[in-house]
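On a predicted model such as this, the values are computed, not experimentally measured, just so you know. Starting from 1, each residue takes its place in the sequence as its number. Heavy atoms only: backbone and side chains are in, while hydrogens, waters and symmetry mates are out.
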Amino acid sequence: YINRHFLLPVFDFLRNHIASMGMVILLLTLLIRLITSPILYKSYLSGAKMKALKPEIDRLKEKHGDDKQAFSMDQMKLWKSAGVSPLGGCLPALLQIPIFMSLYYFFQSNISLRGQSFLWAKDLAAYDSIASLPCSIPFYGDHVSLFTITATVTSLIISIYSMSNMQDNSNPVMKYMPYIFPVLLLGVFNNLPAALTWYYTVSNTITLILQIVIQKYIINHEKILAQIEENRKKPVKQSKFQERMMAMQESNKKLQDMKKKSGKN
């Protein structure tokens with residue numbers, strides 16, 4: 001439905017007015033990123049709120065030590081009292097998945113891209129090979145696609161920048177996370193149409209610019225701290241789901257305490 005009622009009409013309109021198919025994809029990307037920018041803003045705003053609470057979360061970790069159950073309960077109470085949702089950064093990203101899947105199939109099945117050249121790509125409907133390898137590398141292939149490399153590099157830069165702004169990057173496993181997804185892209189995208197990898201290159205570049213602008217110049221961190229303090233003054237209202245979660249955690253904590261007491265006896 002996204003392809004049929006939005007992407008295809010916009011793509012055809014741009015194609016009828018612009019000769020270069022690569023520029024059509026660029027403008028389509030700009031439009032999509034403009035539409036999804038409020039979602040991106042909410043995601044970064046949620047991340048900024050979580051980062052503002054990091055000193056208090058660190059104190060809770062020191063207080064509870066290895067008691068993860070007690071830490072989890074107090075952490076949820078802290079988030080609730082501050083008016084912060086732990087899913088605030090995840091839900092906006094999930095909303096973008098249908099767009100991601102639509103574009104993935106759109107650029108692979110659009111016959112108007114066949115034979116259309118752009119920059120070094122001779123055919124946007126095929127991969128843009130700039131060099132052939134002497135043998136086929138598993139998961140990668142026997143050629144080098146330049147748009148795949150640009151898409152991978154821009155994705156890597158976004159991952160590293162996002163990692164530097166995380167509220168908790170003390171986990172040693174998380175240090176390797178920025179490199180896993182880009183490496184997967186390198187293998188997956190190498191045999192995909194140049195139109196798709198060109199789209200992701202442009203999209204990643206716009207995302208990185210938006211991320212820097214939103215986090216550095218739009219989000220007011222002092223205002224966020226003031227809002228969190230204001231939320232704490234309000235009576236805390238829990239949803240039924242949160243009440244059940246808290247009840248389950250309290251029940252589990254009581255069971256663990258009973259086991260510890262029985263073990264000592």
Exercise. Could you walk me through whether Phe189 and Tyr127 pass the ring-ring contact (aromatic ring centres under 6.0 Å, His included) check?
Worked result: CA-CA 9 Å; Phe189 279 5; Tyr127 53 78; over 10 Å; no
Exercise. Would you say the side-chain atoms of Asp128 pair up with the backbone N or O of Ala194, donor to acceptor, closer than 3.5 Å?
Worked result: no
Problem set entry | Thr29 side, atom OG1; Tyr200 side, atom OH - distance, nearest 0.5 Å | 10.0 Å
Exercise. Under 4.5 Å between side-chain heavy atoms, hopping through other hydrophobics if needed: is there a path connecting Val153 to Val183?
Worked result: no
Exercise. Going hydrophobic residue to hydrophobic residue with side-chain gaps under 4.5 angstrom, can you get from Met101 over to Leu192?
Worked result: yes
For this session: Would you please test Met21 and Phe11 for side-chain contact (heavy atoms from CB on, under 4.5 Å) and show each step?
Result: CA-CA 10 Å; Met21 196 64 76; Phe11 181 84; 3.5 Å; yes
For this session: Name all residues meeting the ring-ring contact (aromatic ring centres under 6.0 Å, His included) criterion together with Phe147; count only those two or more places apart in sequence or in a different chain, and write none if there are none.
Result: Trp120, Trp198
Seminar exercise, completed: Between the CG atom in Asp123 and the CD atom in Gln116, the distance rounded to the nearest 0.5 Å is 8.5 Å
Seminar exercise, completed: d(Asn110 CG, Leu113 CG) to nearest 0.5 Å is 4.5 Å
For this session: Under the side-chain contact (heavy atoms from CB on, under 4.5 Å) rule, collect the residues that match up with Leu208, sequence neighbours excluded.
Result: Ile157, Ile158, Tyr161, Ile212
Exercise. Excluding sequence neighbours, so at least two apart, what forms ring-ring contact (aromatic ring centres under 6.0 Å, His included) with Phe107?
Worked result: Tyr199
Problem set entry | Stepwise side-chain contact (heavy atoms from CB on, under 4.5 Å) check, Val213 with Ile209 | CA-CA 6 Å; Val213 170; Ile209 294 171; 4.3 Å; yes
For this session: Give a yes or no on whether Ile149 and Ile137 share a hydrophobic cluster (residues Ile, Leu, Val, Met, Phe, Trp, Tyr; joining criterion: side-chain heavy atoms under 4.5 Å apart).
Result: yes
Exercise. Sequence neighbours excluded, which residues qualify as salt bridge (charged side-chain N to carboxylate O under 4.0 Å, His left out) partners of Arg15?
Worked result: Asp12
Problem set entry | side chain to side chain contact (heavy atoms under 4.5 Å, CB included) partner of Thr152, the single match among Thr201, Thr197, Asn190, Leu185 | Leu185
For this session: Look at the side-chain heavy atoms of Ile, Leu, Val, Met, Phe, Trp and Tyr, link any pair under 4.5 Å apart, and say whether Leu34 and Leu30 land in one connected group.
Result: no
Exercise. Any chain of hydrophobic side-chain contacts (each under 4.5 Å) joining Leu186 to Ile180?
Worked result: yes
Problem set entry | Residue pair Ile25, Val202: steps toward the side-chain contact (heavy atoms from CB on, under 4.5 Å) verdict | CA-CA 9 Å; Ile25 295 172; Val202 177; 6.0 Å; no
For this session: To the nearest 0.5 angstrom, please state how far the SG atom of Cys135 sits from the CG atom of Asp142.
Result: 9.0 Å
For this session: Apply side-chain contact (heavy atoms from CB on, under 4.5 Å) to Phe139 and list each qualifying residue two or more places apart in sequence or on a separate chain.
Result: Leu184, Val188
Exercise. Once you round to the nearest 0.5 Å, how far does OG of Ser102 lie from CD1 of Ile32?
Worked result: 9.0 Å
Exercise. Roughly how far, to the nearest 0.5 Å, is the CG atom of Asn191 from the OG atom of Ser145?
Worked result: 6.5 Å
For this session: Go through the steps for Ile130 and His143 under the test side-chain contact (heavy atoms from CB on, under 4.5 Å), then give the verdict.
Result: CA-CA 8 Å; Ile130 59 168; His143 63 275; over 6 Å; no
Problem set entry | Those residues that, when tested against Ser20, pass side-chain contact (heavy atoms from CB on, under 4.5 Å) (two or more places apart) | Met23, Phe118
